[in-house]
Amino acid sequence: MGARETALNVLIACRKEGGWSNGVLKEYLQRDHLDRRDAALATRLCYGVLQNRLKLDHYLQQLLTGKLKDLHPAVRDILHLGLYQMKEMDKVPTSAAVNESVDLAKKYCKKQRYAPGLVNAVLRKAADGPLQEPTGWQEKYSHPQPLIDLLKGYVGKERIEPMLRANNEAPETVVQVNTLVITTAALAQRLEAEGVTVQPHGWMKDCLVLSGTGNLEKLLAFREGLFYVQDAAAKLSVLCAELTPGQNVLDCCAAPGGKSFAASIAMDGTGTITSCDIHPHKIALIENGAARLGLNNISARVQDASEFVSEWENRMDTVIADVPCSGYGIIRKKPDIRYKNHAEMASLPELQLKILENQAKYVKPGGLLLYSTCTVLKRENEDVVRGFLENHPEFVTEPLPLPDCFPKNESGMLTLVPGEYDTDGFFICRLRRRV
C-alpha cells in the first residue's frame, strides 16, 4: 500500500468515525508498514488536506459542473488529495497526482462508476489553467468563519492572521532530550547517524527539532529512551514550576505523560510523581513511556481530576493541572479541531474550575499549583484563574520564570499564540499557596 492510499484511508476513517487525525494517522502508518519516505508523504498529505479543506473546496467549486454537495464523500476526499498535491506541493509531478487519484477512485468508488472519469477530468482541468485564489480568510486558511471570529475576539486583530497562517503550517517534530542518560550534543549525533535532520530549538534548552524521521518509534534512539516528543510550550510550563530533586509531585491530567517525564528529568529522577488520567487505556501510555525512558519515580493510576482523594490532601509540593480544554492552540497538530462543533466547548470552563479547585486541596502550605491549557481562549484561561482566586485567597499568582526571549513576566500568567514563539498555543499560570 502506498502513501496516497494510506492518506485516503485516514481521511475516510476520520470522516466516518470522528477520530482525531493524529491518532488515526499513527495507527494506519503502523498498519501499512510504510517506509520512512512514504510515511512522511502520507503524513504531509493527510494533514495538508485537513488543513486546507475549505481552500480545496474553493478550487473544486470552480472545476465542477455540478454542485459540490452532490459529490460522493470518498470522491471528494480523492479530489482533495489530488488538488493538494497539484496546488500546494512543489515536487509531485502532475501526472502522478492525476494517475494515482484515478487509481484510488477505481478502487474505492466501485459503486460510483462515474468516479474515475470525473476525477481524471477535474484534475486535468485544474492542470490546464490557473484557478482563482481565495481572498477571504475562511477559504484562504480553511478556518470556519465562526471560529475566526471567536479567536479574533481573544487574540486581537493584529495577531489573528499570523495565528491562522501558523495553524496551516506543517507541524514540526519537537523532542526533549532525556538528559539523565545522554547529552543533547550526543543525541544529535546519534540521530544524524540514523539519517535524521537535527536542529536545536531556538530558545528551549535540551530541545531538538527533527525532520526526515519517518515513524519515530522505529528509530533506535527512540527505543533506547534517549528522547520523548513534546512541544516547547508544554516543556516550558513544567520548567515554570521550578521543580527540585526530592519533591512530591502530582500530575492530575497526565496522559500521554510528557509533563510527568519533563518533571522527572527536572528532579534528576528523584522524589515521587503521581501521574493520573481519567481514561484507563491511557495509563499504559504513561507507564510504557516512563519505562522506555528509565524514569522510575513515576507512578501512574486512574483518577478523575475533579474527584477528591483524601490521602493527597496537603501532601503535594507541586500539583500540575494541565486540564481538558478546547484545544484551539494545537490546531496545526490536530487540524480537524477547526471543524468540530464549537458550541460543545461552552461548558469547559465549569469543568476546568472544578478541577482546579479540587487540585488546590492537595497543595501543601507554601507549595505550588501550576494551571495550564493548550488553548488561547481567556474564558478557559485567565477567567478560570480569576474565578479560582476569588474563592481561594490562600493562593496568589507568582511571576513566571521565562527564557530571555520573553518579556519579563509579573502577572504569573502567559498565553502563547501560534505564530509568535514557534510553539503550540498554550496558557501557563503559576499559583503559590500561602504558608
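Taking the six-membered ring where the residue is Trp, Tyr421 and Phe406 present parallel rings, their angle staying beneath 30° rather than reaching 60°. Between Phe308 and Tyr362, the ring planes are parallel. Angles under 30° get that label, and only those over 60° would be called perpendicular.
Atom CZ in Arg76 sits 4.0 Å away from atom CG in Leu68 (nearest 0.5 Å). Here the straight-line distance linking atom CD1 of Ile330 with atom CD1 of Ile337 works out to 4.5 Å at 0.5 Å rounding. Separating the CZ atom in Arg159 from the OG1 atom in Thr415 is a distance of 7.5 Å, to the nearest 0.5 Å. Note that the NE2 atom of His392 and the CZ atom of Arg434 stand 13.5 Å from one another [nearest 0.5 Å]. Here Arg165 contributes atom CZ and Met163 contributes atom CE; the two are 13.0 Å apart, rounded to the nearest 0.5 Å. A distance of 8.5 Å separates CD of Gln247 from NZ of Lys364, quoted to the nearest 0.5 Å.
Considering only heavy atoms from C-beta on, Thr423 stays 4.5 Å or farther from Leu236 through its side chain. Under the 4.5 Å side-chain criterion, counting only non-hydrogen atoms from C-beta, Lys87 is in contact with Leu131. Side-chain contact check for Thr213 versus Phe222: every heavy-atom pair is 4.5 Å or farther apart. Using a 4.5 Å heavy-atom cutoff, the side chains of Tyr47 and Leu25 are in contact. Annotation: side chain of Met86 is in contact with side chain of Leu123 (closest heavy-atom distance under 4.5 Å). When side chains are defined from C-beta on, Ile355 counts as touching Pro324, because their heavy atoms get closer than 4.5 Å. Between Val319 and Trp312, the closest side-chain pair of non-hydrogen atoms is not below 4.5 Å. Annotation: side chain of Phe426 is not in contact with side chain of Leu414 (no heavy-atom distance under 4.5 Å).
In the model, Tyr228 has no side-chain atom that pairs as donor or acceptor with a side-chain atom of Arg292 under 3.5 Å.
Taking every heavy atom of both residues into account, Ser260 and Ser275 meet most closely at OG-OG, 2.6 Å. Asp277 and Cys253 get closest at one heavy-atom pair: OD1-C, 4.3 Å. Here the closest heavy-atom approach between residue Thr94 and residue Ala127 is recorded as CG2-CB, 3.7 Å. Residues Ile286 and Ala300 approach most closely at CG2-CB, 4.0 Å, considering heavy atoms. Considering every non-hydrogen atom in both Ala42 and Leu29, the closest pair reads CB-CD2, 4.0 Å. Here the closest heavy-atom approach between residue Gly387 and residue Leu353 is recorded as C-CD1, 4.2 Å.
For Arg4 (side chain) and Leu81 (main-chain N/O), no donor-acceptor pair under 3.5 Å exists by modelled atom type. A donor-acceptor pair under 3.5 Å is absent between the side-chain atoms of Asn358 and the main chain of Lys354, judged by distance alone. Under a 3.5 Å cut-off, the side chain of Asp336 and the backbone N or O of Ser21 do form a donor-acceptor pair. With hydrogens and angles disregarded, no donor-acceptor distance shorter than 3.5 Å links the side chain of Arg432 to the backbone of Glu398. In terms of modelled atom types and a separation under 3.5 Å, the side chain of Arg430 and the main chain of Cys240 share a donor-acceptor contact. The closest donor-acceptor contact from the side chain of Arg338 to the backbone of Pro335 lies under 3.5 Å. Side chain of Gln62 to backbone of Gln132: a donor-acceptor contact under 3.5 angstrom is found. The closest donor-acceptor contact from the side chain of Asn381 to the backbone of Thr375 lies under 3.5 Å. His279 places no side-chain N or O within donor-acceptor distance of the main-chain N or O of His281, the cut-off being under 3.5 Å. Counting only distance, with no hydrogens or angles, the side chain of Asn168 and the backbone of Tyr141 share a donor-acceptor pair below 3.5 Å.
Residues forming a salt bridge (Lys or Arg N to Asp or Glu O under 4.0 Å) with Asp424 (at least two apart in sequence, or on another chain): Arg332, Lys333.
Within a 6.0 Å radius of CG in Asp404, no more than 12 heavy atoms belonging to other residues, nucleotides or ligands are found. Annotation: Lys361, atom NZ; neighbour count of heavy atoms from other residues, nucleotides and ligands within 6.0 Å is above 12. The environment of NZ in Lys340 is crowded: more than 12 heavy-atom neighbours from other residues, nucleotides or ligands sit within 6.0 Å. Within a 6.0 Å radius of NZ in Lys218, more than 12 heavy atoms belonging to other residues, nucleotides or ligands are found. In this structure, Glu420 places its CD atom where more than 12 heavy-atom neighbours from other residues, nucleotides or ligands lie under 6.0 Å away.
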side-chain contact (heavy atoms from CB on, under 4.5 Å) between Ser326 and Glu380, worked out: CA-CA 8 Å; Ser326 57; Glu380 299 181 48; 2.8 Å; yes

Working for side-chain contact (heavy atoms from CB on, under 4.5 Å), residues Gln359 and Leu250: CA-CA 9 Å; Gln359 296 303 310; Leu250 173 63; 3.2 Å; yes

Glu100/Gln85 under side-chain hydrogen bond (donor to acceptor under 3.5 Å, both in side chains): CA gap, chis, key distance, verdict: CA-CA 11 Å; Glu100 292 277 357; Gln85 293 170 74; over 6 Å; no

Steps toward side-chain contact (heavy atoms from CB on, under 4.5 Å) verdict (Phe427, Val385): CA-CA 11 Å; Phe427 175 77; Val385 171; 4.0 Å; yes

side-chain contact (heavy atoms from CB on, under 4.5 Å) assessment of Val174 paired with Cys207: CA-CA 7 Å; Val174 180; Cys207 177; 3.3 Å; yes

ring-ring contact (aromatic ring centres under 6.0 Å, His included) between Tyr328 and His342, intermediate numbers included: CA-CA 10 Å; Tyr328 291 140; His342 308 303; 5.6 Å; yes

side-chain hydrogen bond (donor to acceptor under 3.5 Å, both in side chains) between Asp206 and His201, worked out: CA-CA 8 Å; Asp206 300 322; His201 190 270; over 6 Å; no

Check against side-chain hydrogen bond (donor to acceptor under 3.5 Å, both in side chains), Asp57 and Gln61: CA-CA 6 Å; Asp57 278 345; Gln61 287 171 340; over 6 Å; no

Worked verdict on Tyr59 versus Glu133 for side-chain hydrogen bond (donor to acceptor under 3.5 Å, both in side chains): CA-CA 8 Å; Tyr59 294 143; Glu133 294 295 326; 2.6 Å; yes

From CA spacing to verdict: salt bridge (charged side-chain N to carboxylate O under 4.0 Å, His left out), Asp322, Lys259: CA-CA 9 Å; Asp322 184 44; Lys259 292 185 183 63; 2.8 Å; yes

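Tested against Thr6, the residues Asp38, Thr43, Asp32 include a single side-chain hydrogen bond (donor to acceptor under 3.5 Å, both in side chains) partner, Asp32.
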